[in-house]
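Report on one structure; see the data block that follows.
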Amino acid sequence: MDIEKTEHGTLEHWTPSEVAAAFSEDRIVLIDVRTPQEFSLERINGALLAPMQAFQPNHMPDQSKKQIVFHCGSGVRSARVAKLCLAAGEDRIAHMAGGFAAWKDDGQTYMGTDMATGAPKEMRKTS
């Protein structure tokens, strides 16, 4: 994990492997800030959706029991949303560097859409 000190607090840049480990151990709340359309096609199973276009930091869950980690497609939107949370008063927040693309490149499982049937299907990118 890389740590960035900002004027409002600490922004943590987690790797997909770090996110996967913490998520499987139920230590984090993973929040997807992509659009509902992106989320419907493929997503990390169990992640919550809070699209950036309607994002309000004051509606995020409390981090006293589990840390929040944001993710998006590439890591750009999730870093922006994380910085909004810091500006709104959080002293520490995290996002997944590289976003969903890095998650897939890391070989992590995700829910995708079976193009033959349109049904959701667990997937993993293979080399």
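Below, all heavy atoms of this structure are taken into account, side chains as well, without hydrogens, waters or symmetry copies.
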Do you know which two heavy atoms are closest between [X] and [Y], and how far apart they sit?
X: A82; Y: A94; result: CB-O, 4.5 Å
X: C72; Y: S78; result: SG-N, 3.3 Å
X: Q108; Y: P16; result: NE2-O, 4.4 Å
X: R77; Y: T35; result: NH1-N, 4.1 Å
X: K104; Y: E42; result: NZ-OE2, 2.9 Å

Centroid separation H95 to H13 less than 6.0 Å: yes

List for me each residue that meets ring-ring contact (aromatic ring centres under 6.0 Å, His included) alongside Y110, sequence neighbours excluded, and say none if there are none. F100

Between [Y] and [X], is there a side-chain heavy-atom distance shorter than 4.5 Å?
X: P51; Y: Q37; answer: no
X: M123; Y: M111; answer: no
X: R80; Y: M52; answer: yes
X: K5; Y: T10; answer: yes
X: R92; Y: Q67; answer: yes

With rounding to the nearest 0.5 Å, note down the distance linking [atom1] in [X] to [atom2] in [Y].
X: Q63; Y: I93; atom1: CD; atom2: CD1; result: 4.0 Å
X: I31; Y: H71; atom1: CD1; atom2: NE2; result: 10.0 Å
X: L49; Y: L30; atom1: CG; atom2: CG; result: 11.0 Å
X: M96; Y: D32; atom1: CE; atom2: CG; result: 8.5 Å

Verify the cluster assignment for [X] and [Y]: are they in a single hydrophobic cluster under the rule of side-chain heavy atoms below 4.5 Å apart?
X: L48; Y: I68; value: yes
X: L86; Y: W14; value: no
X: I28; Y: I44; value: yes
X: M60; Y: V29; value: yes
X: F55; Y: L11; value: yes

Do the side chain of R124 and the main chain of G107 share a donor and acceptor less than 3.5 angstrom apart? yes

So, the side chain of W103 versus the backbone of T15: is there a donor-acceptor pair under 3.5 Å, distance only? no

Could you verify whether a donor N or O on one side chain and an acceptor N or O on the other, from D106 and S17, lie under 3.5 Å apart? yes

If only side-chain N and O atoms count, and only distance matters, is there a donor-acceptor pair under 3.5 Å linking K121 with T113? no

With a 4.0 Å cut-off, would you call K83 and E4 a salt bridge? yes

Could you tabulate the donor-acceptor pairs under 3.5 Å formed by side-chain atoms of residues 19-26, not counting sequence neighbours?
from : atom 1 : to  : atom 2 : distance (Å)
S24  : OG     : A20 : O      : 3.3
S24  : OG     : A21 : O      : 3.0
E25  : OE1    : R27 : NE     : 2.7
E25  : OE1    : R27 : NH2    : 3.1
D26  : OD1    : K66 : NZ     : 2.7
D26  : OD2    : K66 : NZ     : 3.4

